[in-house]
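Read the structure below first, then the notes.
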Amino acid sequence: MSDVRVRFAPSPTGYLHIGSARTALFNYLYARHTGGKFLLRIEDTDLARSTDESTRSILEGLAWLGFAPDEEIIFQSNNADKHREAARRLLAEGKAYRDFTPKEAPKDANVKDAIKERARAQGDEKHMRDNPYRDLSSDESDVRAAAGEPFAIRLKVPVEGRTAFNDQVYGIQERDYADTEDLVLLRSDGHPLYNLAVVCDDIEMGITHVIRGQDHLTNTHKQILIYEALGVTPPTFAHLPLIMAPNKGKLSKRKHGEVVSMTTYRDAGFLADAFRNFLALLGWSASEEREIYSLEELIEKFSLEGIHRSNAVFNFHPDDPRKWTDDKAIWMNAEYIRSMSLEGLLPHVKAELKAAKLWRDEYEESREQLHERTSASLEIGYKEWFEYTVNLIRQRFFTLKDFSAQGRAYFSEDFDFDPAAIAKNLTKFPELKEWLPELAERFESMEFFFEDIIEEVVKAFAEEKGTKLGVIMNGARTLLTGVAVGPSMLAVFEVIGKERSIMRLKSQIAWN
RNA sequence: GUCCGGUUCGUCUAGGGGUUAGGACACCGCCCUUUCACGGCGGCAACACGGGUUCAAAUCCCGUACCGGAUACCA
């Protein structure tokens with residue numbers, strides 16, 4: 001046990017972004033590794049942009065990844081009074097002052113650019129301490145406030161000196177006070193601002209380690225100033241490198257769409273274990289040549305020292321359907337699907353088949369159970385068949401979706417034929433139109449339908465027709481499964497079963 | 001502009017004075033095989049640049065370039 005307390009503090013202005021998800025992951029891993037607590041705080045103080053829908057979506061994403069907070073979720077907006085209280089205290093202590101400068105008209109869409117422009121225009125001439133109200137006497141300030149004149153409250157940053165902290169990732173960070181403005185604590189409408197709110201809440205929640213994106217590096221200096229004014233020792237900080245788009249630019253919802261949303265991965269048939277594993281390796285490594293880690297192993301190996309300083313690219317190709325997201329994430333998911341325990345995979349396959357309306361309850365009834373219930377005596381129970389089939393077809397699957405898409409023909413009579421498979425395996429060999437139904441007839445006379453005996457029959461058939469075995473097999477594969485890829489065709493025949501195999505080989509619908 | 005950070009294969013990364021600069025993904029080739037996106041074997045491919053320090057620099061120092069972040073009465 002330790003007294004480490006970390007928090008993940010998203011603002012609900014959209015879905016759970018991949019970068020935020022990784023921040024949550026690192027906080028979670030750190031908490032678990034140290035035996036501390038992982039907390040969640042929703043920073044919903046931006047009334048204009050925060051939505052309940054976003055909060056739900058973020059919570060959903062976190063739940064999917066398995067990061068349950070150890071204490072009740074804090075909603076920052078509920079603490080506004082405390083934030084105002086803190087600002088007033090600082091004002092009373094002379095560590096902050098009222099700024100009566102009229103509020104500027106709200107900027108338009110390009111706030112970011114406008115700010116940049118203004119800053120550029122300012123050049124290296126900095127006037128961080130030239131606010132005319134900074135040194136207004138408290139009497140006069142009180143009088144004007146009492147008269148109802150609107151004001152914002154700004155922190156009175158000392159003239160001489162610097163803020164410094166030892167970042168656990170980036171090392172010693174120092175910043176001259178001259179580079180930090182007298183930041184606004186409370187807006188003229190009484191609304192507390194981000195830096196104040198964060199500091200107050202982190203203090204109240206007893207946060208010991210702040211692990212967040214590197215984009216907060218300069219905020220940290222401002223927050224340290226607030227901690228100092230409040231007379232509280234700041235927590236330890238660890239800033240994370242950012243996750244960038246393929247062009248090394250910013251990864252954004254607006255530009256990159258749902259490829260950055262966590263729910264996309266859940267809905268696309270990713271396993272949370274696999275995606276979490278992938279995320280962990282973006283900006284962190286255990287300094288060993290290995291990439292598959294269970295959650296337990298990540299918790300055990302995780303350390304702040306293993307976090308990198310350079311940004312990582314989330315590599316995807318919007319124009320290539322097969323690489324719509326990072327190659328490695330796809331590979332990782334496939335790796336999990338094919339090598340995790342069948343027992344662990346089954347529930348996921350069940351959920352996927354249910355969603356696709358392909359699930360049948362018999363898939364959970366074993367041969368013995370069926371016998372007990374109906375006294376029917378099958379060669380093999382549905383449960384055994386289902387598990388054998390899933391195990392067989394998972395080898396070439398990338399996502400859970402594949403079980404209901406590519407694998408549809410194993411669970412339903414209603415499946416589509418891939419035009420490319422038809423072209424490659426059927427229309428190229430017109431004789432197959434006659435041959436395949438003929439093969440079906442051979443099957444009809446078979447007493448047993450097992451791999452080795454099927455092999456004998458098909459081989460003899462191919463020989464008789466004077467064609468390559470592959471031509472027959474691949475034609476049959478297309479008719480039986482609708483696709484051109486899959487496991488050994490002998491196993492496919494067996495798993496599809498004699499009756500269905502015969503039916504599909506005779507069917508002419510793929511030919512039309 | 002200013003402040004802060006970063007820079008090893010296309011991507012994720014190991015390595016932090018002496019290495020044939022290692023692994024993974026992707027890509028390519030070969031093998032297996034009835035096809036294949038499984039598997040096996042192999043290949044392509046990187047220390048941003050310029051100066052120093054040193055017997056020796058990817059590794060330490062300085063500079064340059066480039067990239068990123070921040071610079072709000074947003075979070």
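Order of the sequence lines sets the chain letters (A, B, ...), proteins ahead of strands, with each chain counted from 1.
- A:Ile472 CD1 to A:Asn425 CG: the interatomic distance, rounded to the nearest 0.5 Å, is 11.5 Å.
- For the P atoms, the distance linking B:A14 with B:C36 amounts to 37 Å, nearest Å.
- The side chain of A:Glu43 sits closest to B:A75 out of B:U71, B:U11, B:A75.
- Across all strands shown, A:Tyr170 has heavy atoms under 4.0 Å from sugar-phosphate atoms exclusively, and none from any base.
- The CG atom of A:Leu183 sits 13 Å away from the C1' atom of B:C74 (whole-angstrom rounding).
- Between A:Glu456 and A:Lys459 there is no salt bridge, since no side-chain N of the basic residue sits under 4.0 Å from a carboxylate O of the acidic one.
- Nearest nucleotide to the A:Ser310 side chain, out of B:A37, B:A70, B:G6: B:G6.
- Among the atoms of the strands shown, only primed sugar atoms or phosphate atoms (P, OP1, OP2) are found under 4.0 Å from some heavy atom of A:Lys323.
- Whole-Å rounding puts the A:Lys222 NZ to B:A75 P distance at 11 Å.
- Checking A:Gly306 against A:Asp179, the closest nucleotide of RNA chain B that is more toward the 5' end is the one next to A:Asp179.
- Taking 3.5 Å as the limit, the base of B:A75 and the side chain of A:Asn195 contain no donor-acceptor pair of atoms between them.
- Closest to the A:Arg309 side chain, of the nucleotides B:C3, B:G6, B:A75, is B:G6.
- A salt bridge links A:Asp189 with A:Arg187: at least one charged nitrogen is closer than 4.0 Å to a carboxylate oxygen.
- Heavy atoms of A:Met332 sit nowhere under 4.0 angstrom from any nucleic acid atom.
- Between the C1' atoms of B:U59 and B:G69, the separation comes to 26 Å (whole Å).
- One interatomic measurement links the two molecules: CG of A:Asp167 to P of B:G69, which rounds to 18 Å at whole-angstrom precision.
- Comparing B:G17 with B:G52, their C1' atoms are spaced 15 Å from each other, to the whole Å.
- Distance NZ (A:Lys328) to P (B:G23): 13 Å, rounded to an integer number of Å.
- Using a cut-off of 4.0 Å between Lys/Arg side-chain N and Asp/Glu carboxylate O, A:Lys465 and A:Glu438 are scored as salt-bridged.
- When each of B:C73, B:G69, B:A75 is scored by its nearest atom to the side-chain atoms of A:Arg187, the top-ranked nucleotide is B:C73.
- Checked against B:C4, B:C12, B:A26, the side chain of A:Asp327 finds its nearest nucleotide in B:A26.
- B:A57 and B:C66: their C1' atoms are spaced 22 Å apart (whole Å).
- Heavy-atom distances under 4.0 Å link RNA chain B to A:Phe398, A:Gln406 of residues 397-409 of chain A, given in residue order.
- A salt bridge between A:Arg290 and A:Glu297 is present, with a side-chain N of the basic residue lying under 4.0 Å from a carboxylate O of the acidic one.
- B:G68 sits 25 Å from B:C61 when the P atoms are compared, rounded to a whole Å.
- Counting only heavy atoms from C-beta on, A:Lys424 has its side chain closest to B:U35 among B:G69, B:U35, B:A75.
- The nucleotide whose nearest atom lies closest to any side-chain atom of A:Asp326 is, among B:G23, B:G69, B:U11, B:U11.
- Atom name C1', nucleotides B:C9 and B:A26: the rounded distance is 12 Å, in whole Å.
- Checked against the 6.0 Å centroid threshold, A:Phe237 and A:Tyr170 do not count as a close aromatic pair.
- A:Arg49 comes within contact range of at least one nucleobase, with a heavy-atom separation under 4.0 Å.
- Spacing between atom CG of A:Leu193 and atom P of B:U71 amounts to 12 Å, rounded to whole angstrom units.
- Residue-level contact check: A:His191 touches the backbone only, with heavy atoms under 4.0 Å from sugar-phosphate atoms and none from bases.
- Atom CG of A:Asp113 has more than 12 neighbouring heavy atoms from other residues, nucleotides or ligands inside a 6.0 Å radius.
- Across all strands shown, nothing is found opposite B:A58 as a Watson-Crick or G-U wobble partner with both distances under 3.5 Å.
- Within 4.0 Å of A:Ser488, counting heavy atoms only, lies at least one base atom of the nucleic acid.
- With respect to A:Lys328 and A:Glu335, no salt bridge is recorded, no charged nitrogen being found less than 4.0 Å from a carboxylate O.
- Looking at heavy-atom distances under 4.0 Å, A:Pro241 makes no contact with the nucleic acid at all.
- Salt-bridge formation is not detected for the pair A:Asp182/A:Lys156: no Lys NZ or Arg NE/NH1/NH2 atom is positioned less than 4.0 Å from an Asp or Glu carboxylate oxygen.
- Paired with A:Tyr265 under the rule ring pair (Phe, Tyr, Trp, His ring centres under 6.0 Å), one option of A:Phe316, A:Phe275, A:Phe278 passes, and it is A:Phe275.
- Comparing the P positions of B:G51 and B:A45 gives an interatomic distance of 26 Å, to the nearest angstrom.
- Atom CG of A:Asp176 is separated from atom P of B:C4 by 9 Å (rounded to the nearest Å).
- If you check every strand for non-hydrogen atoms under 4.0 Å, A:Glu288 touches nothing.
- Salt bridge annotation for A:Glu85-A:Lys82: absent, with no cationic side-chain nitrogen under 4.0 angstrom from a carboxylate oxygen.
- Side chain of A:Arg338, nearest nucleotide from B:C27, B:C38, B:C4: B:C38.
- Computed from coordinates, the A:Asn131 CG to B:A72 C1' distance equals 15 Å when rounded to whole Å.
- Counting any heavy atom pair closer than 4.0 Å across all strands shown, A:Thr478 reaches no nucleic acid atom.
- RNA chain B is contacted by both A:Leu282 and A:Gln214; A:Leu282 maps to the nucleotide lying nearer its 5′ end (nearest heavy atom per residue).
- Straight-line distance between the C1' atoms of B:U7 and B:A58: roughly 12 Å, to the nearest whole Å.
- Listed candidates were B:A70, B:A24, B:C4. Nearest to the side chain of A:Thr218 is B:A70.
- Comparing B:G23, B:C3, B:C38 against the side chain of A:Gln395 picks out B:C38 as the nearest.
- Among the heavy atoms of the strands lying under 4.0 Å from A:Ala484 is at least one base atom, whether or not backbone atoms are also near.
- In this entry the distance linking OH of A:Tyr336 with P of B:C25 reads 14 Å, nearest Å.
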